[in-house]
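These notes are about the structure you will find just below.
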Protein chains: 2
Amino acid sequence: MRIGELARACGVDVETVRYYEKQGLLPAAHRTPNGYRLFGPQHAERLAFIRHCRALDMPLAEIRHLIEVADHPDADCGDVNALIDTQLDKVRERIKAMQALEHQLVALRSRCDSQRAVEACGILNELMAVSRTVR
Amino acid sequence: MRIGELARACGVDVETVRYYEKQGLLPAAHRTPNGYRLFGPQHAERLAFIRHCRALDMPLAEIRHLIEVADHPDADCGDVNALIDTQLDKVRERIKAMQALEHQLVALRSRCDSQRAVEACGILNELMAVSRTVR
DNA sequence: GTTGACCCTGGAGCGACTCCAGGGTTTCAA
DNA sequence: TTGAAACCCTGGAGTCGCTCCAGGGTCAAC
Ligand SMILES: [Zn+2]
Ligand SMILES: [Zn+2]
Ligand SMILES: [Zn+2]
Ligand SMILES: [Zn+2]
C-alpha cells in the first residue's frame, strides 16, 4: 500500500508517517521504481501500535524502547511494567496539577461576573494583587 | 536589581527573564554602563503576574492580551472574563482526557504483574492485539 | 492535453522555554 | 595582588511531536 492509504487506514497524517520513518520508529518502506514508498501489513500494524501508545501519551523515546523490547521475545518484560508505572505516575501527577489549576481558575472567575471598568475588575485586581505580594 | 536577583525573587530562570523581555512581555530593562540589565519593582510585579498566569497555564499570547487590557483601566473587562472561561474549558477538557488515559493505563498495567518472557507479557500482547484489530 | 490527486525531498515553524559557546565583570578571600 | 567563583552579556541551537511549505515529479481520467 502507498503512504496515503496507510495513513488513512490508521487515521494519521501522511507527514506523520514519513516523520516516524525518519525517526526510525517505522522500518523503512520499500520503494517503487518512481520512488514512492510501499508499505506492507506489518507496517500498518506497527503504525497502529505507535498511535495506540501515543494515545496513552507516551513519548516517542519510550515507544521506541517498547518496540525494541517487543522485538526480542526472549527477554523479560520487567522494563515494560516499569514503563507503564512511570507513565501512570506522570499522568496522575498531571491530573492533580490540572485539578488545582481548575480550582484556581474557578476562584478567579468568581471575582468578576459582569462587564466593569478594568480598574474595578476583580479578576485583574486579584491577578495583580498576587503579583504585588511576591515582593 | 540585576537579572539574577529578579529571577530568584520570582522563582524563574534567568534565561526565562531574558526570553520574556525579548518577547515584549516584560518592558526592556535599563542598562548599567557595562551592559547589565537593571530592573525595578514594577518589573518584578509584572514578572510575578506573568508567572501567576503561566501557573494557570495560559499561553503567552493570552497573557500579552491580559497585560494590554490591564494597562488601559478605562476599557471594560468583558474580554478578561471570556479569557478565563476559555481557559477553564480547556483545563476541564484536558482533565477529562487525562482521566480516561489513567483508566486505560491502569487496565493495561493489570494485564501483567510479574516478570515474564516478553511473549507472555499481557501488556505487550494487549498493545499488539489492538494494533492488529486496526487492520 | 490538461486537470487533479497523489507522491517526493529538504527545510522551516510552532510554544515556551533551556542550554551552550565564547566572551566580559564583579566580588571575595588567600 | 592575584586568582577563583559567581555573575553578566549575545546570538544561536536544541527540545518534542508534529505540521506546513516550496518546488518539484508521477499517474489516471476525461
Ligand atoms: Zn534479542
Ligand atoms: Zn471583570
Ligand atoms: Zn487606552
Ligand atoms: Zn509483562
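First the proteins, then the strands, lettered A, B, ... as listed; each starts at 1. Only heavy atoms go into these numbers, but all of them, side chains included; no hydrogens, no water, no symmetry mates.
Listed by chain and number, the residues in a side-chain contact (heavy atoms from CB on, under 4.5 Å) with Arg92(A) are Leu88(A), Glu102(B), Val106(B) (sequence neighbours excluded). Applying the side-chain hydrogen bond (donor to acceptor under 3.5 Å, both in side chains) test to Glu21(B) and every residue at least two apart in sequence or in another chain returns Arg37(B). With sequence neighbours excluded, the residues satisfying side-chain hydrogen bond (donor to acceptor under 3.5 Å, both in side chains) with Arg94(B) are Asp57(B). Partners of Tyr20(B) according to the ring pair (Phe, Tyr, Trp, His ring centres under 6.0 Å) rule, which considers only residues two or more places apart in sequence or in another chain, do not exist here. By the side-chain hydrogen bond (donor to acceptor under 3.5 Å, both in side chains) test, Asp85(A) is found to be paired with Arg109(B), residues two or more places apart in sequence or in another chain being considered. With sequence neighbours excluded, the residues forming a side-chain contact (heavy atoms from CB on, under 4.5 Å) with Asp76(B) are Gln115(A), listed by chain and number. A search for side-chain contact (heavy atoms from CB on, under 4.5 Å) contacts involving Val69(B) returns Val118(A), Leu124(A), His65(B), Val80(B), not counting sequence neighbours. Gln99(B) pairs by the side-chain contact (heavy atoms from CB on, under 4.5 Å) definition with Ile95(A), Gln99(A), Ile95(B), not counting sequence neighbours. For the side-chain hydrogen bond (donor to acceptor under 3.5 Å, both in side chains) test, no residue two or more places apart in sequence or in another chain qualifies with Ser110(B).
Rounded to a whole Å, the CG atom of Leu47(B) is 11 Å from the P atom of dC17(C). Put simply, CG on Asp57(B) is 14 Å from C1' on dC17(C), counting in whole angstrom units. At whole-Å resolution of the value, CZ in Arg2(B) and C1' in dT25(C) are 8 Å apart. Here the P atom of nucleotide dC19(C) and the OH atom of Tyr19(B) are 15 Å apart, to the nearest Å.
The environment of CD in Gln23(B) is crowded: more than 12 heavy-atom neighbours from other residues, nucleotides or ligands sit within 6.0 Å.
Of the residues in residues 23-39 of chain B, those with a non-hydrogen atom less than 4.0 angstrom from any atom of DNA chain D are Arg31(B), Gly35(B), Tyr36(B), Arg37(B).
If you walk DNA chain D from 5' to 3' and mark each nucleotide with an atom closer than 4.0 Å to a heavy atom of chain A, the marks span dG17(D) to dC27(D).
In terms of polar N and O atoms assigned as donor or acceptor, the side chain of Glu15(B) comes within less than 3.5 Å of the base of dC19(C) in a complementary pairing.
Residue contacts shown for Arg64(A) are absent, as no nucleic acid heavy atom lies under 4.0 Å away. Residue contacts shown for Arg54(B) are limited to sugar-phosphate atoms, with no base heavy atom under 4.0 Å away.
In the helix from dG1(C)-dC30(D) to dA30(C)-dT1(D), the end axes, each obtained as the rotation axis mapping the C1' atoms of four pairs onto the next four within a five-pair block, lie 20° apart to the nearest 10 degrees.
Comparing Arg8(B) and Lys22(B) along DNA chain D, the residue whose closest nucleotide (by nearest heavy atom) sits nearer the 5' end is Arg8(B). Positionally, the nearest nucleotide of DNA chain C for Pro59(B) lies more toward the 5' end than for the other of Pro59(B) and Arg18(B).
Between Thr16(B) and dA16(C) there is no side-chain polar atom (N or O) within less than 4.0 angstrom of OP1 or OP2. Phosphate contact (OP1/OP2 of dA16(C), side-chain N/O of Tyr20(B), threshold under 4.0 Å): absent.
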- Task: Under the side-chain contact (heavy atoms from CB on, under 4.5 Å) rule, what do Lys90(A) and Glu93(A) come out as? Steps first, then yes or no, please.
- Result: CA-CA 5 Å; Lys90(A) 265 191 256 171; Glu93(A) 217 170 286; 5.7 Å; no

